[in-house]
Amino acid sequence: MSELSLRARFLLGIVFCVGLTLVLLAAWHIWAGSRTEQALLSEVMKTHLALYEKFFAANPGASGGSSGRMIVYRGGSQGLPQELAALKPGCHLHVAYGGDPHQVLVADLPTGRIYISYNLTDHQRRVGIAWRWFALILLVTLIIVAVTAMWISRSIIAPVTAFATRLSRIDPRERNQRLGSDFARHELAPIAGSVDRFLERLDGFVEREQSFTATASHELRTPLAVIQGATEILTEQTRERPAAQKALVRIRRAASEMSEFIHALLMLSRESQPDTEPGEACDIGEILPRVADEQRELANGRAINVECECRESLRVQAPRSLVTIVVGNLLRNALAHTERGAVMCELKDRTLRIRDTGPGIAPEHMKQVFDRNFTTRPGGYGVGLYLSKRICDRYGWLLTLESSPSGTIASVTF
């Protein structure tokens with residue numbers, strides 16, 4: 001019942017109530033009519049009993065008589081049916097003999113026992129006709145009630161349907177959309193007002209978030225540009241100092257990663273969808289080896305072998321910075337959770353697989369790995385997989401994790 005629509009439940013409720021009321025009224029009417037008819041018949045039979053008492057007193061040799069559907073027998077007469085002869089004095093409502101039902105009154109009089117029998121065949125036929133007429137009237141009434149209830153329910157539910165349709169047409173990319181003016185003079189006005197207040201607060205949240213993201217992106221890009229420019233100058237000035245060159249490479253890579261991260265946050269904060277963005281295309285087969293080379297230093301002296309196998313050149317319609325973040329985060333997690341062994345990167349059949357030989361992910365943590373701020377590594381922030389999942393969802397890529405005690409496989413299907 002709970003799975004039915006509001007209109008269907010209203011319709012069924014009305015039809016059930018009306019049908020039940022009609023059945024109860026008809027049953028009471030027929031039962032009361034039958035009882036009344038039986039009472040009247042009993043009075044008529046008692047009247048005949050008094051008349052026949054006088055008749056038999058005046059005519060001792062008479063054996064009985066009849067009047068329409070009523071037949072009178074005297075006890076011991078030859079025509080007395082055996083079914084009646086076995087009856088005791090009193091009123092017997094349903095006695096079958098001769099193939100028909102009868103109501104029989106048996107009384108002991110000074111002139112002997114008398115049996116007054118009334119044939120109920122016509123009465124039962126009338127009751128059967130009454131029930132058939134009731135069934136027909138009930139069916140017609142239910143049809144009329146169902147049609148009327150359907151029309152009423154449609155009129156009642158129409159504003160709710162219009163309200164739901166209006167809600168479904170709200171574009172999350174547009175601001176300052178309101179519903180109150182469309183339902184100002186309607187019972188749904190309080191609900192529409194509540195929705196408008198929620199939309200107003202939501203617009204404020206989105207505006208503040210977009211303003212903060214844009215401002216933070218701008219303010220962070222300026223010092224990053226300064227760092228990158230200074231790094232280029234220092235690289236030229238310290239070509240003959242290997243130690244300084246190594247430090248500058250790390251600074252340059254960190255600045256580049258921060259710039260890509262800021263670009264990713266700015267892209268994800270926009271309401272527009274990827275198919276409406278004039279995005280750029282990039283080759284994953286070109287990005288993967290470069291990211292793997294940059295991440296090798298995260299091994300920190302551990303016996304970890306990073307291997308890449310690109311069996312195809314796969315171009316996707318997405319900014320290079322976002323693809324780099326996804327690949328870098330997955331590879332960085334694999335290296336962070338591997339003490340020794342190997343991290344294998346494979347690009348095949350439009351799917352990137354990164355396999356490590358770490359201890360794997362506990363089964364109770366598998367449902368939380370993509371949640372924001374969830375991490376099992378001391379000092380971790382729980383942002384990498386969350387951000388990668390958001391990027392994949394935005395561009396329709398499928399990101400999955402398969403884990404066992406022998407390692408974890410992260411797969412991205414583009």
Thinking salt bridges, do [X] and [Y] make one under a 4.0 Å N-O criterion?
X: Arg126; Y: Asp122; value: no
X: Arg201; Y: Asp196; value: no
X: Lys348; Y: Glu309; value: no

[X] atom [atom1], neighbour heavy-atom count above 12 within 6.0 Å:
X: Gln124; atom1: CD; result: yes
X: Gln82; atom1: CD; result: no
X: Tyr97; atom1: OH; result: yes

Check: Asp356 side chain, Gly407 main-chain N or O, donor-acceptor pair, under 3.5 Å: no
Shortest non-hydrogen separation from [X] to [Y] and the atoms involved:
X: Asn119; Y: Pro101; answer: OD1-O, 3.6 Å
X: Glu286; Y: Pro289; answer: O-CD, 3.5 Å
X: Gly19; Y: Leu142; answer: CA-CD2, 3.6 Å
X: Leu199; Y: Gln177; answer: CD1-O, 3.1 Å
X: Cys392; Y: Val412; answer: SG-CG1, 4.1 Å
X: His92; Y: Val95; answer: CB-CG2, 3.7 Å

Would you compute the distance between atom [atom1] of [X] and atom [atom2] of [Y] and round it to the nearest 0.5 angstrom?
X: Thr231; Y: Leu248; atom1: OG1; atom2: CG; value: 6.0 Å
X: Ile287; Y: Leu352; atom1: CD1; atom2: CG; value: 10.5 Å
X: Glu339; Y: Ile304; atom1: CD; atom2: CD1; value: 7.0 Å
X: Leu105; Y: Met45; atom1: CG; atom2: CE; value: 5.0 Å
X: Ser388; Y: Asn329; atom1: OG; atom2: CG; value: 4.0 Å
X: Asn333; Y: Thr408; atom1: CG; atom2: OG1; value: 9.5 Å

From CA spacing to verdict: side chain to side chain contact (heavy atoms under 4.5 Å, CB included), Lys88, Val106: CA-CA 7 Å; Lys88 296 180 179 181; Val106 182; over 6 Å; no
Intermediate values then yes/no, side-chain hydrogen bond (donor to acceptor under 3.5 Å, both in side chains), Asp349 and Thr351: CA-CA 5 Å; Asp349 298 330; Thr351 300; over 6 Å; no
side-chain hydrogen bond (donor to acceptor under 3.5 Å, both in side chains) between Ser42 and Gln103, intermediate numbers included: CA-CA 9 Å; Ser42 297; Gln103 181 171 327; 3.3 Å; yes
Parallel, tilted or perpendicular: ring planes of Trp131 versus Phe134, cut at 30 and 60 degrees: perpendicular
Sub-6.0 Å ring centroid separation between Tyr118 and His102: no
Verdict with supporting geometry, Tyr395 and Leu322, side chain to side chain contact (heavy atoms under 4.5 Å, CB included): CA-CA 10 Å; Tyr395 287 91; Leu322 298 185; 3.4 Å; yes
